Trainee: 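A single structure is presented below for examination.
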Amino acid sequence: MAVILPIIQFEDKIIEIVEQNSIVVVIGETGSGKSTQLSQILHRRGYTKSGIIAVTQPRRVAAVSVSRRVAQELGVRLGEEVGYAIRFEDRTSEKTCIKYLTDGVLLRESLSNPELNQYSVIILDEAHERSLNTDILLGLMKRLVKLRTSNLKVLITSATLDGGKVSRFFSNCPVLTVPGKLFPVEILYSSERPTSYLESALKASLDIHIREPAGDILIFMTGQDDIEKLVSKLEDGVQSLEEGSCMDAIILPLHGSLPPEMQANIEIRVFSPAPPNCRRFIVATNIAETSLTVDGVVYVIDSGYVKQRQYNPSTGMYSLDIVQISRILFNCYFPDSRVQADQRAGRAGRTCPGKCYRLYPSIFYREEFSDVTVPEIQRSSLAGSVLYLKSLDVPDIDILKFDFLDPPSRESLEDALRQLYLIDAIDENGVITKVGRTMAELPLEPSLSRTLLEANECGCLSQALTVAAMLSAETTLLHTRSKVTEKKRKHPQDLPNGSGWGDHIQLLQIYESWDQVNYDPRWCSDNNLQVRGMLFTKDVRKQLSQIMQKSAKGSMDVQTIIKRKERQKDYKNLRRALSAGYAGQLAERMTHHNGYRTLGFKQQLVQVHPSSVLQADEEDGRFPDYVVYHELISTSRPFMRNVCSVEMSWVMPILDKLEKLDINKLSGGTSIPEDRLKGEELAVDLQKNEADAVKATDDRDSRIQAARDRFLARKTNK
DNA sequence: GAGCACTGC
């Protein structure tokens with residue numbers, strides 16, 4: 001029978017606190033059973049009589065697997081009393097009283113039902129991960145419990161370190177701590193910072209292999225590059241050990257962009273226990289922190305770094321930075337399933353304690369690591385979130401004063417407002433427009449949803465649907481070119497090239513070609529495209545078509561070749577629609593060379609990314625005078641990724657708009673009605689928000705800069 | 001002439 005989870009002993013206490021309070025923070029360590037048990041406890045005590053219990057998860061797989069387990073424990077069929085809802089898949093029915101869903105789905109639901117009346121309890125699980133969506137939900141819950149004081153309970157589960165902070169955010173709501181079943185972990189620090197953390201990780205793993213008893217080793221590295229290097233060094237290292245001196249070794253890379261056939265293979269090998277007398281070395285990115293749980297891990301080697309994508313609102317540019325991990329992440333390294341796996345296996349009645357080798361001194365950990373990761377909301381472009389909040393049918397949401405747990409910087413919010421204004425989602429006073437409302441219904445970045453609406457007017461909706469869907473899946477489309485796949489590739493790329501107009505057109509043509517072969521998966525692999533990425537595109541396109549159904553002015557079918565011949569060859573309508581959607585992502589070529597300057601709030605010198613299929617003029621070798629871009633990414637230099645050629649006559653009205661833009665009017669928006677908040681409280685809140693925001697920006701910038709400096713110094717040293 | 005951690009509607 002099932003093991004009794006610690007949380008069960010707290011049932012009476014939980015119910016007592018929940019009955020007296022609308023909001024409760026539950027701090028449950030890994031292994032406490034909070035994700036599966038809280039909903040069942042509240043169900044047992046009658047909370048499903050007046051509505052459904054919703055439990056949000058940051059990831060799709062978690063929503064599915066946890067609901068499956070709860071259904072099993074309650075002895076019901078999944079999709080009946082217990083169900084889940086994730087994008088593309090709703091497995092709930094009229095009977096459903098416990099519903100697991102991704103936080104993104106709950107946000108969508110509150111668009112059409114802002115009071116979320118169907119729910120009697122909302123549990124925000126894994127809130128410590130601080131996903132963008134969770135942060136927005138935290139703010140929404142704060143106002144929702146005031147609106148529905150009598151009939152809504154909100155529970156927020158978090159890990160140890162920031163429980164107090166969440167409680168303060170919710171006017172010092174009670175905090176309930178439930179112990180977990182963490183296995184004791186011995187932490188070992190290096191005596192000094194390594195000159196090369198790759199070499200240091202190599203040495204540490206071989207030491208473990210030689211000296212320590214059986215148990216797999218999980219090594220956290222920052223990216224594919226380092227993982228491949230370490231894997232090959234480990235292979236050499238293990239081979240050079242004396243035959244029979246220690247057990248066999250299997251070395252496995254684990255990261256998000258492994259080619260699917262290899263990943264399938266590895267998944268089986270990662271998730272099944274190692275064969276006897278054999279130790280596994282799993283060299284992984286942070287995919288192993290949360291998304292995948294590797295069974296059998298006893299030793300963890302922690303480089304202390306992680307790669308993070310950051311958005312800089314003052315330049316509109318993304319960068320991929322190597323930053324220090326936060327202390328809180330450590331808790332994720334030893335998930336409960338490892339302990340359970342050890343117990344099940346029995347290991348001759350002996351459990352061995354975990355060991356974590358940190359490749360840095362303890363003083364470094366104590367003094368330089370921050371408690372928590374910079375929340376996503378402070379390192380993303382907020383155009384989509386701001387549009388979402390503005391479209392919610394609540395009168396008192398003023399975006400610059402919205403109550404966030406960690407407010408984004410004013411700069412970031414203003415950047416979002418400018419973007420939204422340029423694409424007509426809000427008017428010059430910052431009020432959402434009719435266009436903006438329609439855009440918010442589409443599960444797309446604002447630039448792409450605006451493109452769809454414009455395309456509908458231009459008679460090229462079907463093409464725009466394809467482009468938007470392809471861009472939604474873009475990161476999973478192409479095989480990354482590691483040295484291994486490079487060698488294996490037999491045929492040269494034989495894909496359409498966008499006819500010179502750029503990358504959006506190429507993406508369109510690729511999908512149309514796939515349509516021509518009836519979505520044959522082999523066509524994808526033959527052309528070096530990830531099958532799952534293309535299938536995802538197909539799902540997204542279908543979902544977008546369904547949403548556009550009621551307003552569509554033309555066919556939404558993928559174009560056939562015959563139809564295509566009849567159409568203009570210059571994709572003029574589609575490119576015009578793109579220029580409307582990307583009005584805030586526009587660049588003008590420099591007179592004497594092929595560099596561009598962006599035409600936004602702050603002008604940047606940028607170049608077309610070398611991977612682009614945009615073609616230069618055959619005669620003068622020049623790129624088009626004007627392009628729109630999907631994103632700016634700063635790597636070795638600032639680049640525009642995914643560009644599309646546009647006409648000067650379409651650009652002029654945008655430039656006019658840019659000139660008229662007045663950020664003071666835009667951010668004015670609506671003010672908070674007096675009865676909602678007393679004057680003094682408001683002033684204090686605003687001051688606090690402002691100070692928090694300034695501090696957050698400073699903290700973030702200095703932290704990123706310091707980490708980057710240290711990392712670069714180390715790289716050059718070796 | 002470059003390179004990309006991980007999620008999600």
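No experiment lies behind these values; they were computed from the predicted model shown. In what follows, chains are A, B, ... by sequence order, proteins preceding strands, each numbered from 1.
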Trainee: Does a nitrogen or oxygen in the side chain of A:Arg637 sit under 4.0 Å from OP1 or OP2 of B:dA2?
Mentor: yes
Trainee: Output the rounded distance in Å from NE2 (A:His255) to C1' (B:dC6).
Mentor: 13 Å
Trainee: Quick one: label A:Thr102 by what it contacts on the DNA or RNA (base, sugar-phosphate, nothing), any heavy atom closer than 4.0 Å.
Mentor: sugar-phosphate
Trainee: Return the 5'-most residue of the pair A:Glu376, A:Glu474 with respect to DNA chain B, ranking by each residue's nearest nucleotide.
Mentor: A:Glu474
Trainee: Nearest to the side chain of A:Lys307, heavy atoms from C-beta on, is which of B:dA5, B:dA2, B:dT7?
Mentor: B:dA5
Trainee: What's the OH-P distance between A:Tyr318 and B:dA2, to the nearest Å?
Mentor: 23 Å
Trainee: Which residues pass the side chain to side chain donor-acceptor pair (under 3.5 Å) test with A:Glu109, sequence neighbours left out?
Mentor: A:Lys99, A:Tyr119
Trainee: Nearest whole Å is fine: how far is B:dG8 P from A:Phe536 CZ?
Mentor: 9 Å
Trainee: We want to know whether A:Tyr197 and A:Thr222 form a side-chain donor-acceptor pair, criterion being a heavy-atom distance below 3.5 angstrom.
Mentor: yes
Trainee: Closer than 4.0 Å, any side-chain N/O of A:Arg108 to the OP1 or OP2 of B:dG8?
Mentor: no
Trainee: Please list, chain by chain and in numerical order, all residues satisfying side chain to side chain donor-acceptor pair (under 3.5 Å) with A:Gln308, sequence neighbours excluded.
Mentor: A:Gln310
Trainee: What is the separation between atom CD on A:Glu445 and atom P on B:dC9, rounded to the nearest whole Å?
Mentor: 15 Å
Trainee: Respond yes when some side-chain nitrogen or oxygen of A:Gln308 is under 4.0 Å from OP1 or OP2 of B:dC6, and no when none is.
Mentor: no
Trainee: Testing the 3.5 Å rule here: is there a donor-acceptor pair between the side chains of A:Tyr84 and A:Gln57?
Mentor: no
Trainee: Between B:dC9 atom C1' and A:Glu441 atom CD, what is the distance in whole Å?
Mentor: 13 Å
Trainee: I need the CZ-P distance between A:Arg87 and B:dG8, as an integer number of Å.
Mentor: 10 Å
Trainee: Ignoring the backbone of A:Leu320, work out which of B:dG8, B:dG1, B:dA5 is nearest its side chain.
Mentor: B:dA5
Trainee: Hey, does A:Ser131 reach any base, or is it just sugar-phosphate, or nothing, if we go heavy atoms under 4.0 Å?
Mentor: nothing
Trainee: Is it the case that the side chains of A:Gln604 and A:Arg597 hold a donor-acceptor pair, with the cut-off being a distance below 3.5 Å and no angle test?
Mentor: no
Trainee: Rounded to the nearest Å, what distance is computed from the CD1 atom of residue A:Ile86 to the C1' atom of nucleotide B:dT7?
Mentor: 13 Å
Trainee: Of the listed nucleotides (B:dA5, B:dT7, B:dC4), which one gets closest to any side-chain atom of A:Arg641?
Mentor: B:dC4
Trainee: Checking all strands, does A:Phe639 fall into the base, sugar-phosphate, or nothing category for heavy-atom contacts under 4.0 angstrom?
Mentor: sugar-phosphate
Trainee: As a test of reading the structure: which of B:dC9, B:dA5, B:dA2 is closest to the side chain of A:Thr285, going by heavy atoms?
Mentor: B:dA5
Trainee: To the nearest Å, how far apart are A:Glu126 CD and B:dG8 C1'?
Mentor: 15 Å
